[in-house]
Protein chains: 2
Amino acid sequence: MNDLQINISIDPSFYCKDPESSALGKKIMQVGIEMIHELGYEAFTFKKLGVQINSNESSIYRYFESKHSFLVYLVNWYWSWIECKLVFATINIHSAEERLEKSIQILTEEIKEDNEITFINEVLLNKIIISESSKAYHTIDVDKENEKGYYKTYKRVVQRVCDFVLEVNPKFEYPHMLISTIIEGAHHQKYFSKHLPSLTDVEEGKNSIVEFFLKLTKSVLR
Amino acid sequence: MNDLQINISIDPSFYCKDPESSALGKKIMQVGIEMIHELGYEAFTFKKLGVQINSNESSIYRYFESKHSFLVYLVNWYWSWIECKLVFATINIHSAEERLEKSIQILTEEIKEDNEITFINEVLLNKIIISESSKAYHTIDVDKENEKGYYKTYKRVVQRVCDFVLEVNPKFEYPHMLISTIIEGAHHQKYFSKHLPSLTDVEEGKNSIVEFFLKLTKSVLR
DNA sequence: GCAAATATAATAGTATTACTATCAATTATG
DNA sequence: CATAATTGATAGTAATACTATTATATTTGC
């Protein structure tokens with residue numbers, strides 16, 4: 001994947017003006033990610049971001065209609081990127097078991113390096129997804145936003161891996177539950193291991209989270 | 001449990017003035033729960049609650065130092081209540097397997113009836129926990145709040161069930177991960193089944209969520 | 001190379017939020 | 001019944017999440 005110029009295309013419904021279409025737009029994404037990571041979603045504001053990038057609050061509003069929709073945009077960008085990784089990592093694998101295994105690894109492993117293919121720091125973005133993404137759908141307007149397609153990239157990723165599950169075991173009754181539980185569960189475990197370690201069994205230097213979810217999957221599909 | 005006068009005792013660090021000690025305090029909890037359920041955590045305010053209970057914003061602040069700490073209080077109240085249920089439901093079970101099974105059922109089943117032992121509507125509180133409780137710990141101040149003991153009731157519940165897991169299989173390496181994944185996972189699945197059903201495999205009339213997590217547990221501990 | 005179109009910046013303003021502070025009125029208790 | 005404790009009313013603050021308007025750059029098409 002490292003030599004590949006991937007183009008993560010984001011549905012226009014997620015923005016007012018495409019942030020990838022201008023230098024300012026890219027700066028908004030880049031520094032926006034850094035600031036949400038640093039301040040947390042609640043304390044982050046477009047005003048502060050404007051100061052940081054020597055631009056203006058009102059200019060940022062021309063790209064995203066609200067702080068919430070900026071988060072939703074980032075979440076969709078992230079899942080598009082993960083989808084890309086999934087597709088390329090599984091395309092040449094012929095065994096269904098291995099394809100599923102590889103997918104679960106991608107969904108649960110720590111993202112350690114910013115490959116710099118894109119202008120986005122994926123390590124930071126991943127951390128935001130872990131600690132803030134649930135705020136994108138834990139809102140009173142979920143149903144309305146779901147209708148507008150706000151969560152479709154995430155759903156597509158789940159469905160994709162779900163298909164691999166059914167290839168391994170066509171009779172398994174809970175493929176969607178399994179995959180969405182693994183994805184959310186891995187995020188929780190990573191967050192807990194950093195902040196509430198007594199809720200996990202993560203050992204230093206070990207890839208406990210990947211191992212746990214792989215073991216879980218294998219045993220339940222057997 | 002129905003004839004039992006349980007007393008859910010809440011650590012004084014979670015409030016300024018004990019809400020269970022006065023009529024106003026109880027009203028704050030009771031109506032507060034209803035309003036968070038109705039408006040969502042973000043749109044809920046102490047001012048609106050004051051209007052609803054014919055009291056005053058400033059009076060509510062005498063019970064809870066902030067909206068956030070009110071949520072934290074409710075989350076702890078909920079886990080104390082669940083802990084109670086767990087203790088009573090497992091006390092007379094002699095088989096370790098059955099004890100674990102019963103616990104997982106309690107942690108994953110839908111709470112359908114307000115038993116009215118307490119003045120709290122547990123059905124509504126459970127719904128708040130499902131959709132809002134992650135906001136109690138997905139905050140930039142997690143570490144500080146963790147030190148203050150804000151999440152201790154939840155941790156105690158996880159540890160309790162974790163002990164049952166180790167009784168069933170003392171060699172299992174990931175008991176905390178398993179239980180916290182089940183708890184959070186069940187909440188997610190319930191939320192998804194209502195708002196993002198394509199992420200689940202919930203069938204009407206069936207207890208799919210309980211069954212899924214029971215199956216997962218049994219197969220991974222085998 | 002310049003006018004027109006477009007993008008960005010600056011400024012001001014709004015309703016609301018999440019509180020704090022102060023003081024008055026009520027209610028409970030010895 | 002007086003005193004203390006609780007609750008209520010009012011006012012105020014800094015910040016948030018925007019919107020609206022106007023001014024200034026920058027890009028582009030000819």
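By convention in this document, chain letters (A, B, ...) are assigned in the order of the sequence lines, proteins followed by strands, and residues within each chain are numbered from 1.
The stretch residues 149-164 of chain A participates, sequence neighbours left out, in these side-chain hydrogen bond (donor to acceptor under 3.5 Å, both in side chains) pairs: A:Asp11-A:Lys152, A:Asn76-A:Thr153, A:Glu83-A:Arg156, A:Glu83-A:Arg160, A:Glu145-A:Tyr151, A:Asn146-A:Lys155, A:Tyr154-A:Glu184, A:Gln159-A:Asp163, A:Gln159-A:His176.
Between the CG atom of B:Leu71 and the P atom of C:dT17 there is a distance of 17 Å, rounded to whole Å. Going from atom CG of B:Leu24 over to atom P of C:dT26 covers 16 Å, rounded to whole Å. Taking atom CD1 of residue A:Ile28 and atom C1' of nucleotide C:dT8, one finds them 10 Å apart after rounding to whole Å. Summarising the geometry, the separation between CD1 on A:Ile53 and C1' on C:dA9 is reported as 12 Å, rounded to the nearest angstrom. Spacing between atom CD of B:Glu65 and atom P of C:dA18 amounts to 15 Å, rounded to whole angstrom units. To the nearest angstrom, P of C:dT16 lies 9 Å from NZ of B:Lys48. The separation between B:Arg62 atom CZ and C:dC19 atom P is 15 Å, rounded to whole Å.
Judged by distance alone with a 3.5 Å cut-off, no donor-acceptor contact links the side chain of A:Ser59 to the base of C:dA7.
Taking only side-chain nitrogens and oxygens, A:Ser55 comes nearer than 4.0 Å to OP1 or OP2 of C:dA9.
Judged by distance alone, with hydrogens and angles left aside, the side-chain atoms of A:Asn207 form no donor-acceptor pair with the main-chain N or O of A:Val210 at under 3.5 Å. When atom types are taken as modelled, the side chain of A:Lys148 and the backbone of A:Phe14 share no donor-acceptor pair closer than 3.5 angstrom. Put simply, the side chain of B:Lys135 never gets that close to the backbone of B:His68: no donor and acceptor are under 3.5 Å apart. Between the side chain of B:Ser208 and the main chain of B:Glu203, a donor-acceptor pair closer than 3.5 Å is present.
Residues B:Ser22 and A:Glu57 each lie close to DNA chain D; by heavy-atom proximity, the contact nearer the 5' end of the strand is made by B:Ser22.
Inspection of the A:Tyr174 and A:Thr181 side chains reveals no N or O donor paired with an N or O acceptor under 3.5 Å.
The distance between the ring centers of B:Tyr191 and A:His138 falls below 6.0 angstrom. Between A:His188 and B:His188, the ring center distance clears the sub-6.0 Å criterion.
Residue-environment remark: NZ (A:Lys48) exceeds the threshold of 12 foreign heavy atoms within 6.0 Å.
For DNA chain D, the neighbouring residues in residues 39-47 of chain A, judged by any heavy atom under 4.0 Å, are A:Phe44, A:Thr45.
In 5' to 3' order, the nucleotides of DNA chain D bounding all contacts with chain B (an atom under 4.0 Å from a heavy atom) are D:dT6 to D:dT10.
Counting non-hydrogen atoms under 4.0 angstrom, B:Tyr63 reaches the backbone sugars and phosphates but no base.
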